[in-house]
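Have a look at the structure below, then the notes.
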Amino acid sequence: MRLGLCCKFVDEPIRFRTATVTSLARLSQRDARQKLSQLCLTNASSLARALHYCAEQGIGAFRINSQILPAKTHPATCYRVKELPDGKEIIDQFEECGRFARDRDIRTLFHPDQFILLSSADDRITRRSIEELDYHAEVAEWTGADVINIHGGGAYGNKQEALERVRRNLKRLSTAVKTRLTFENDDRVYTPADLLPLCRDAGIPFVYDVHHHRCLPDGLSIDDTTQQALATWNREPVFHVSSPKAGWRGPNPSRHHDYIQPRDIPVSWLDLDVTVEIEAKAKEHALRRLTAWLARRR
DNA sequence: AGCGGTCAAGTTGAT
DNA sequence: ATCAACTTGACCGCT
């Protein structure tokens with residue numbers, strides 16, 4: 001298993017910055033561009049430091065925050081990186097991150113937020129989502145990220161019709177997006193059983209989140225789902241794991257714990273060549289604790 | 001420096 | 001009807 005750290009650090013002094021659209025809109029166009037340029041440059045350099053940290057700590061994957069280029073596609077602020085004051089330097093730094101990640105075999109991934117939907121019947125939402133996916137793909141090309149992972153979205157009262165819209169919308173995606181797109185089961189609407197057929201038919205890899213599956217079961221066993229998920233991948237598969245904040249019998253088990261309880265990792269995963277993204281609030285500490293547990297187990 | 005209100009976006013389900 | 005949750009709480013204006 002290759003363990004992956006998600007987006008941020010708790011104690012390690014590596015921070016990603018952003019700005020609100022309203023605060024940017026108050027500035028002159030010029031000042032806004034200047035501020036965005038600085039934020040993007042800072043974030044590119046933070047990404048480099050994050051990847052160096054992963055290399056030192058033996059962490060094999062890093063999920064890149066979707067706000068790495070703040071307010072990138074918002075109508076009030078949207079910009080092209082090339083046209084920012086430090087555009088060239090920003091792109092250079094991201095490309096350097098890509099070279100470093102490749103050299104040190106650190107996989108980079110994206111998980112765009114909940115507003116990115118291919119299942120909506122509202123074409124404005126779909127168009128916005130595609131724009132946002134294109135933005136992720138642009139940064140993915142610089143950094144070498146090979147996964148842009150999203151959920152199925154809403155059911156809108158009819159899951160099968162919603163999935164049919166997803167299927168149709170896939171045809172509208174650019175190659176840069178399509179070659180990286182993956183679908184993940186969520187904890188409210190779309191189970192592995194819902195998504196696996198679509199993934200198989202459309203040639204889209206399935207990211208198996210076992211925590212979500214435990215929160216929203218579908219009759220498939222974990223081992224069966226694991227096998228079916230593996231079969232959808234044409235490269236190293238990606239899985240997600242987390243532990244419930246207050247235990248499986250506590251309130252709202254979908255909330256994430258600070259750490260991963262080793263027993264929440266399916267035994268069948270332990271010897272697989274897969275990337276397991278660790279969704280735990282204690283971030284780098286959770287990775288360290290889990291890595292130590294895995295080493296002891298050998 | 002520290003505080004509380006706010007932040008672009010969609011959908012769901014708990015309250 | 002409101003609100004928290006979601007991959008991630010951070011930003012911003014005020015004191």
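Not measured: the values here are computed from a predicted model. Throughout, protein chains are lettered first and strands after them, A, B, ... in sequence-line order, and every chain is numbered starting at 1.
An OP1 or OP2 oxygen of C:dT7 is reached within less than 4.0 angstrom by a side-chain nitrogen or oxygen of A:His212. Look at A:His74 and you won't find any side-chain N or O under 4.0 angstrom from OP1 or OP2 of B:dA9. Side-chain N/O atoms of A:Arg26 include one lying less than 4.0 angstrom from OP1 or OP2 on C:dG13. Residue A:Ser23 places no side-chain N or O under 4.0 Å from the OP1 or OP2 atom of C:dC11.
With rounding to whole Å, A:Gln114 atom CD is found 17 Å from B:dC7 atom P. Regarding A:Leu117, its CG atom lies at a distance of 19 Å from the P atom of B:dA8, rounded to whole Å. The nearest whole Å value for the distance from the CG atom in A:Leu27 to the C1' atom in C:dG13 is 14 Å. Here B:dA14 presents its C1' atom at 16 Å from CG of A:Leu216, a figure rounded to the nearest Å. The interatomic distance linking A:Asn43 (CG) with C:dC11 (P) rounds to 9 Å, in whole Å. In this structure, A:Glu131 atom CD and B:dA9 atom C1' are separated by 12 Å, rounded to whole Å. The distance from atom CG of A:Leu24 to atom C1' of C:dA10 is 14 Å, rounded to the nearest whole Å. Summarising the geometry, the separation between CG on A:Leu39 and C1' on C:dC11 is reported as 11 Å, rounded to the nearest angstrom.
Base pairing analysis places C:dT8 opposite nothing; no Watson-Crick or G-U wobble pair with both distances below 3.5 Å involves it. Summarising the base pairing, B:dA8 is matched to no nucleotide, lacking a Watson-Crick or G-U wobble pair whose two defining distances lie under 3.5 Å.
Counting only heavy atoms from C-beta on, A:Ala19 has its side chain closest to C:dC12 among C:dC12, C:dT8, B:dT12. Minimum atom distance to the side chain of A:Ala155 is reached by B:dT12, of the listed C:dT8, B:dA8, B:dT12. The A:Thr20 side chain lies nearest to B:dC7 when the options are C:dT8, B:dG10, B:dC7. With distances taken from any side-chain atom of A:Arg188 to the nucleotides B:dA9, C:dA5, C:dT8, the minimum falls on C:dA5. Of the candidate nucleotides C:dT8, C:dC11, B:dG10, C:dT8 has the atom lying nearest to any side-chain atom of A:His256. Checking B:dA9, B:dT11, C:dA10 against the side-chain heavy atoms of A:Thr18 singles out C:dA10 as nearest.
If A:Cys7 and A:Arg17 are placed on DNA chain C by their nearest nucleotide, the residue sitting closer to the 5' end is A:Cys7.
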Could you walk me through whether A:Glu131 and A:Lys72 pass salt bridge (Lys or Arg N to Asp or Glu O under 4.0 Å), step by step? CA-CA 10 Å; A:Glu131 215 178 322; A:Lys72 175 67 168 71; over 6 Å; no
Under the salt bridge (Lys or Arg N to Asp or Glu O under 4.0 Å) criterion, do A:Arg127 and A:Asp123 qualify, and how do the steps go? CA-CA 6 Å; A:Arg127 283 203 307 267; A:Asp123 198 56; 2.8 Å; yes
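Among the heavy atoms of the strands, none lies under 4.0 Å from A:Lys245. Across all strands shown, A:Ser254 has heavy atoms under 4.0 Å from sugar-phosphate atoms exclusively, and none from any base. Within the nucleic acid shown, A:Glu277 has no heavy atom closer than 4.0 Å to any nucleic acid atom. A:Glu184 comes within contact range of no nucleotide atom at all, as no heavy-atom separation falls under 4.0 Å. Using a 4.0 Å heavy-atom cutoff across all strands shown, A:Tyr156 reaches sugar-phosphate atoms only and no base atom. A:Arg15 comes within contact range of no nucleotide atom at all, as no heavy-atom separation falls under 4.0 Å. At the heavy-atom level, A:Arg63 lies under 4.0 Å from the strands shown only through sugar-phosphate atoms. At a threshold of 4.0 angstrom between heavy atoms, the contacts of A:His240 with the nucleic acid are absent. Residue A:Lys35 is in sugar-phosphate contact alone, with no base atom involved, counting any heavy-atom pair closer than 4.0 Å across all strands shown.
Using atom P as the reference point in both B:dT6 and C:dA4, the two lie 13 Å apart (nearest Å). With P as the reference atom, C:dC11 and B:dG10 are 23 Å apart, rounded to whole Å. When the C1' atom is compared between B:dT11 and C:dA10, the two are found 23 Å apart, to the nearest whole Å. Taking atom P in both C:dC3 and B:dG5, one finds a spacing of 13 Å when rounded to whole Å. For the P atom pair drawn from C:dT8 and B:dC7, the interatomic distance equals 23 Å after rounding to whole Å.
The side-chain ring of A:Phe115 is not stacked on the base of B:dG10, judged by centre separation under 5.5 angstrom and plane angle under 30 degrees.
Ring centroids of A:His240 and A:His213 are separated by 6.0 Å or more, keeping the two rings apart. A ring-centre distance under 6.0 Å is found for A:His52 and A:Phe100.
Both tests do not hold together for A:Arg288 against A:Tyr259: distance to the six-membered ring centre under 6.0 Å, angle to the ring axis within 45°.
Heavy atoms of other residues, nucleotides or ligands lying less than 6.0 angstrom from NZ of A:Lys245 number 12 at most.
Between A:Phe239 and A:Leu272, some side-chain heavy-atom pair lies under the 4.5 Å cut-off.
A donor-acceptor pair shorter than 3.5 Å cannot be found between the side chains of A:Thr126 and A:Ser129.
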